[in-house]
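Before any comments, here is the structure.
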2 protein chains.
Amino acid sequence: MYTETVKSAPERASDRAYRVLRDEILDGVLPAGTVLLEVEQSARLGVSRTPLRSAVARLVADGLVAGRSGRGFSVTEMSVESINDLYELREALEERAATLAARRDDRTAFGMLRDRFVAAPALLEAGEAGIHEYYALIDEFDAAIDAAVDNSFLVGALVTVRTHLARIRRVARGNPVRLRAAAAEHLLILDAIIDGDAALAAHATHVHLHLSLASVLAVLEATETTS
Amino acid sequence: MYTETVKSAPERASDRAYRVLRDEILDGVLPAGTVLLEVEQSARLGVSRTPLRSAVARLVADGLVAGRSGRGFSVTEMSVESINDLYELREALEERAATLAARRDDRTAFGMLRDRFVAAPALLEAGEAGIHEYYALIDEFDAAIDAAVDNSFLVGALVTVRTHLARIRRVARGNPVRLRAAAAEHLLILDAIIDGDAALAAHATHVHLHLSLASVLAVLEATETTS
DNA sequence: TTCACGGTCTCTGTATACACACGCGCATTC
DNA sequence: GAATGCGCGTGTGTATACAGAGACCGTGAA
């Protein structure tokens with residue numbers, strides 16, 4: 001395969017600023033409510049104000065930051081309601097995506113993924129590195145879904161959802177019990193897709209998302225009362 | 001009610017450039033494939049390159065224009081596949097939206113809309129002005145749905161879909177037969193929502209979108225063979 | 001006649017300088 | 001003591017100048 005790593009990525013300064021700020025927001029380095037001042041951030045990231053403005057504009061389009069009326073921009077909050085809203089949209093999109101994947105002719109990619117999800121529980125015993133690898137596996141699952149639905153609009157909406165999801169995934173990161181259950185749920189979805197059972201794929205996805213949301217809300221409520 | 005029409009809208013140059021370009025793309029003044037050069041467009045719109053860059057960046061985020069590797073930006077094409085893809089996403093979103101609207105407690109807004117959709121066929125006899133008013137009614141229907149679902153993520157996705165939909169709605173504009181049928185379909189959806197029948201609302205939406213897509217594709221195929 | 005190479009030109013990416021608007025703080029007045 | 005008005009500082013919005021990269025065109029050689 002032709003790997004285009006060298007010349008195809010001039011990596012503009014605005015791209016770098018966007019990527020860095022986005023990762024920092026997603027990783028929680030820049031918590032919700034953080035005010036982003038143009039001069040301050042441009043100095044910190046070593047770029048001029050112009051590319052930084054471009055980066056912030058893209059973050060606004062992503063919904064990760066919002067412009068405050070007069071003064072500066074700030075990282076958006078992730079309230080409990082917004083999490084419920086996000087999962088509402090996620091349900092609509094992923095159920096449809098699972099349905100389409102199950103109806104697709106070529107489902108060999110999912111067969112290969114299945115084997116690796118079977119081995120996932122062992123992965124989750126391997127500490128932080130294993131958890132990291134597990135999330136990489138989830139990413140590959142998502143990528144396989146994207147390739148199967150083959151719909152730029154639907155995939156685009158899914159990407160947006162996953163961006164916001166990355167912010168709240170942090171809270172469930174240190175919960176191996178939940179992750180093991182999630183692996184089993186993914187396995188069921190994969191089996192349904194491989195069998196071409198669109199209805200089961202959609203319903204298994206629904207169940208998975210229901211349990212995922214319940215877990216997130218439980219963790220959130222626990223940390224809420226703690227702090 | 002406090003109307004904030006005077007001071008709340010400084011209307012930045014970048015906003016104006018974005019709005020003008022967006023409207024021109026949606027109205028077909030700038031057809032698909034049109035190349036947007038920064039200096040040329042900034043001169044035409046009477047703004048500098050900086051706000052124009054910002055406007056183009058927003059259009060890229062909307063998916064209305066795409067950056068061509070080296071040279072400039074161009075208005076994206078609306079192929080038959082992309083229209084099918086758009087309707088695939090639209091189905092997932094609007095079925096869910098209709099379901100949520102039917103489950104909502106306060107559905108009085110839909111009752112008022114119903115009366116006006118009953119009168120819609122008469123509207124469609126009134127020439128271009130009537131058709132314009134009919135589309136305004138559709139916008140109010142969409143707005144009522146948005147208010148009912150009360151979910152910024154879902155509404156955001158719907159807004160994106162409607163943006164692209166506006167581009168292809170032009171082809172069906174001069175088809176009063178289809179518009180009359182569409183009004184009847186909307187009426188059925190409204191009745192289902194008012195009755196709190198979520199399943200019927202979703203299924204009626206599905207039917208409406210199926211017929212809408214079929215109409216668009218038929219018109220497109222007819223114009224394709226003509227030209 | 002065709003292909004390849006080089007020059008030039010144009011357009012985007014970036015940096016910086018300037019203007020304006022909002023807001024805060026202080027002083028003055030009622 | 002409180003409220004209002006004025007002035008200043010800070011931060012975004014805009015314009016423009018500069019640099020680099022890519023493409024197109026022309027010319028020369030095979």
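- Counting to the nearest Å, the P atom of dT12(D) and the CZ atom of R12(B) are 12 Å from each other.
- No side-chain donor-acceptor contact under 3.5 Å links D62(B) to the backbone of L64(B).
- Of the charged side-chain nitrogens involved, at least one lies within less than 4.0 Å of a carboxylate oxygen, so that D142(A) and R162(A) count as a salt-bridged pair.
- Remark: R49(A), R53(A) in residues 41-55 of chain A come within less than 4.0 Å of DNA chain D through at least one heavy atom.
- Residues R167(A) and T76(A) bring a donor and an acceptor atom of their side chains to less than 3.5 Å of each other.
- A salt bridge is absent between R96(B) and E91(B): the closest approach of a Lys/Arg side-chain nitrogen to an acidic carboxylate oxygen does not fall below 4.0 angstrom.
- Residues that satisfy the salt bridge (Lys or Arg N to Asp or Glu O under 4.0 Å) test with R16(A), not counting sequence neighbours, are absent from this structure.
- D27(A) contributes no side-chain N or O that, together with a main-chain N or O of V29(A), makes up a donor-acceptor pair within less than 3.5 Å.
- Note on ring orientation: taking the six-membered ring where Trp is involved, the planes of F117(A) and H186(A) are parallel (angle under 30°, cut-offs 30° and 60°).
- Within residues 29-40 of chain A, the residues that have a heavy atom under 4.0 Å from DNA chain D are, in order of number, L36(A), L37(A), E38(A).
- Ring to ring, Y87(A) and H210(A) are not that close: their centroids are 6.0 angstrom or more apart.
- Between dT14(C) and S14(A), a contact under 4.0 Å exists linking OP1 or OP2 to a side-chain N or O.
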